[in-house]
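What follows is a short report on a single structure.
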Amino acid sequence: MSPATQKPSGIFITLEGGEGSGKTTQARRLCDWLTTQGWQVLHTREPGGTLLAERVRGLLLDHSAEAIAPETEAWLILAARRQHVDHVIKPALQQGMIVVCDRFSDSTIAYQGYGRGLDLRVLRTMNKWATGKLVPHLTLLFDVPVRVGLRRRRSQRASQNRIDREATQFHEKVRAGFRTLARQEPRRMVVFDASLPLESVQQHVVTFITRWFKRRGIQQLQQR
Ligand SMILES: Nc1ncnc2c1ncn2[C@@H]1O[C@H](COP(=O)(O)OP(=O)(O)O)[C@@H](O)[C@H]1O
Ligand SMILES: [Mg+2]
């Protein structure tokens, strides 16, 4: 079989949640921990992950740009996703790596669907089209009250991006959307209470993943 037709043997883990829920922090810590456990890890993010997709990220997060229609936002994100899947995620999975991705398809449903009000069915179809039906093996959802997440973001030195500046009501819809998704797919999506201290959240993640690997008999791959 050529590499392109081989079934990917890696593990695809995504981190989801609202602004300031701790995704980026936890992704970094999770990758460090997986590496110490002997895994080959690829840490990436969306929108972004390739040269072109990172440029799209810049367009999406720049609040000085012209007003962006929800549909335009969706198309840009999905276009970037396709690049990311083809050039970064699938090749790493085919090499048997663990891919840890900060945001993926669920963010599109939560933000552009539940948040902006675009048709969920259309978005799901577009997501399949963009990902070539690639679905994460496991999704960690970091759930935090909106005001807590936004406060954390505001205390960061980096300036506020276009999404951070959205109304609280928008962020509430996104949070509710994520929680609905987790209820619909409890086997794939696991919810963590992200209002806990950073170290506690990390400990819960490590405990959960250790069990998750064990349940699936994945530990032997560690020797790779
Ligand atoms: N559990 C936590 N408790 C307190 N502060 C946190 C926690 N998780 C993250 N933070 C802080 O909140 C800010 C946003 O975290 P970040 O990981 O960038 O969130 P996200 O990527 O979800 O927007 C950072 O300054 C980070 O150190
Ligand atoms: Mg982040």
Side-chain angles (χ1 to χ4, degrees), residues 12-35 41-50 53-63 73 76-77 80-81 84 88-89 98-116 136 138-182 188-209:
F12 185 27
I13 301 175
T14 58
L15 287 80
E16 297 280 8
E19 310 305 316
S21 59
K23 299 175 299 297
T24 302
T25 310
Q26 295 299 336
R28 201 178 311 118
R29 288 174 175 231
L30 175 59
C31 288
D32 290 348
W33 178 76
L34 287 167
T35 305
V41 182
L42 179 91
H43 180 188
T44 187
R45 69 168 181 188
E46 287 213 352
T50 77
E54 287 289 335
R55 286 191 187 162
V56 173
R57 179 188 183 89
L59 296 175
L60 285 164
L61 296 183
D62 179 5
H63 55 77
E73 188 179 70
L76 286 172
I77 288 167
R81 178 160 305 137
H84 192 208
V88 176
I89 300 176
I98 298 192
V99 176
V100 173
C101 188
D102 189 340
R103 293 200 184 282
F104 196 63
S105 304
D106 297 303
S107 277
T108 308
I109 306 296
Y111 280 75
Q112 282 66 50
Y114 288 99
R116 305 261 189 237
L138 177 65
T139 298
L140 314 176
L141 173 60
F142 296 94
D143 182 55
V144 75
V146 167
R147 63 188 159 75
V148 176
L150 291 181
R151 199 184 314 129
R152 285 179 189 167
R153 294 281 301 184
R154 283 175 191 142
S155 65
Q156 278 182 305
R157 257 183 301 167
S159 64
Q160 297 286 294
N161 67 40
R162 192 176 62 88
I163 304 296
D164 292 317
R165 291 174 170 221
E166 287 288 345
T168 304
Q169 203 190 358
F170 171 78
H171 294 289
E172 292 289 3
K173 285 190 214 162
V174 170
R175 182 186 185 203
F178 273 130
R179 288 158 68 108
T180 301
L181 291 177
R188 174 175 68 84
M189 285 182 91
V190 185
V191 186
F192 293 88
D193 178 356
S195 60
L196 295 173
L198 236 155
E199 271 70 30
S200 309
V201 179
Q202 185 190 2
Q203 198 48 54
H204 283 128
V205 169
V206 166
T207 305
F208 178 83
I209 296 218

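Counting starts at 1 for both ligands and their atoms, in listed order.
An N or O contact shorter than 3.5 Å is missing between Asp102 and ligand 1 by distance. Looking at Ser21 next to ligand 1, an N or O pair under 3.5 Å apart turns up.
The count of protein N, O or S atoms under 2.8 Å from the Mg ion (ligand 2) stands at 1, with waters excluded from the count.
Between the side chains of Gln112 and Glu73, a donor-acceptor pair is found at a separation under 3.5 Å. Side chains of Thr108 and Arg81: a donor on one and an acceptor on the other come within 3.5 Å.
Within the 3.5 Å criterion, the main-chain N or O of Gly149 finds no donor-acceptor partner in the side chain of His171. Side chain of Arg57 to main chain of Pro47: a donor-acceptor pair is present (N/O by atom type, distance under 3.5 Å, no hydrogens or angles). Formation of a donor-acceptor pair under 3.5 Å by the Lys23 side chain with backbone atoms of Asp102 is not found in this model. Although no hydrogens or angles enter the test, the distance criterion places a donor-acceptor pair under 3.5 Å between the side chain of Thr180 and the main chain of Ala176. With hydrogens and angles ignored, the 3.5 Å screen pairs a side-chain donor or acceptor of Gln26 with a backbone N or O of Leu198.
Atom 1 (N) of ligand 1 has Leu196 O, 2.7 Å as its closest protein atom, hydrogens excluded (heavy atom only). Closest to atom 19 (O) of ligand 1 among all protein heavy atoms lies Gly22 N, 3.1 Å. Protein heavy atom at the shortest distance from atom 4 (C) of ligand 1 is Arg152 NE, 3.6 Å. The protein heavy atom nearest to atom 18 (O) of ligand 1 is Gln156 NE2, 3.5 Å. For atom 23 (O) of ligand 1, the closest heavy atom belonging to the protein is Gly20 N, 2.9 Å.
Remark: ligand 1 atoms within the under-4.0 Å shell around heavy atoms of Gly18 are 22 (O). Here is the list of ligand 1 atoms found below 4.0 Å of a heavy atom in Thr25: 9 (C), 15 (O), 16 (P), 17 (O), 26 (C). For ligand 1, the atoms lying closer than 4.0 Å to a non-hydrogen atom of Thr24 are 17 (O), 18 (O), 21 (O). Every atom of ligand 1 is numbered from 1 in the order shown, and the set under 4.0 Å from a heavy atom of Ala194 is 1 (N).
Salt bridge annotation for Asp164-Arg153: present, with a cationic side-chain nitrogen under 4.0 angstrom from a carboxylate oxygen.
Residue Pro197 touches ligand 1 through its backbone alone, judged by heavy-atom distances below 4.0 Å. In Lys23, the parts holding a heavy atom less than 4.0 Å from any atom of ligand 1 are both the side chain and the backbone. If you look at Arg153 next to ligand 1, the close heavy atoms, those under 4.0 Å, all belong to the side chain. Neither the backbone nor the side chain of Ser155 has a heavy atom within less than 4.0 Å of ligand 1.
Between Phe104 and Phe12, the distance from one ring center to the other falls under 6.0 angstrom.
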Does Asp62 form a side-chain contact (heavy atoms from CB on, under 4.5 Å) with Leu60? I'd like the steps, not just the answer.
CA-CA 6 Å; Asp62 179 5; Leu60 285 164; over 6 Å; no
Steps toward side-chain contact (heavy atoms from CB on, under 4.5 Å) verdict (Val144, Arg175):
CA-CA 8 Å; Val144 75; Arg175 182 186 185 203; 6.0 Å; no
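Around the NE2 atom of His204, the shell of radius 6.0 Å holds no more than 12 heavy atoms that belong to other residues, nucleotides or ligands.
Put simply, the residue from Arg103, Arg165, Arg162, Arg152 that forms a salt bridge (charged side-chain N to carboxylate O under 4.0 Å, His left out) with Glu19 is Arg103.
Between Phe142 and Phe192, the ring planes are parallel. Angles under 30° get that label, and only those over 60° would be called perpendicular.
Distances from ligand 1 to the non-hydrogen atoms of Gly17 include no value under 4.0 Å.
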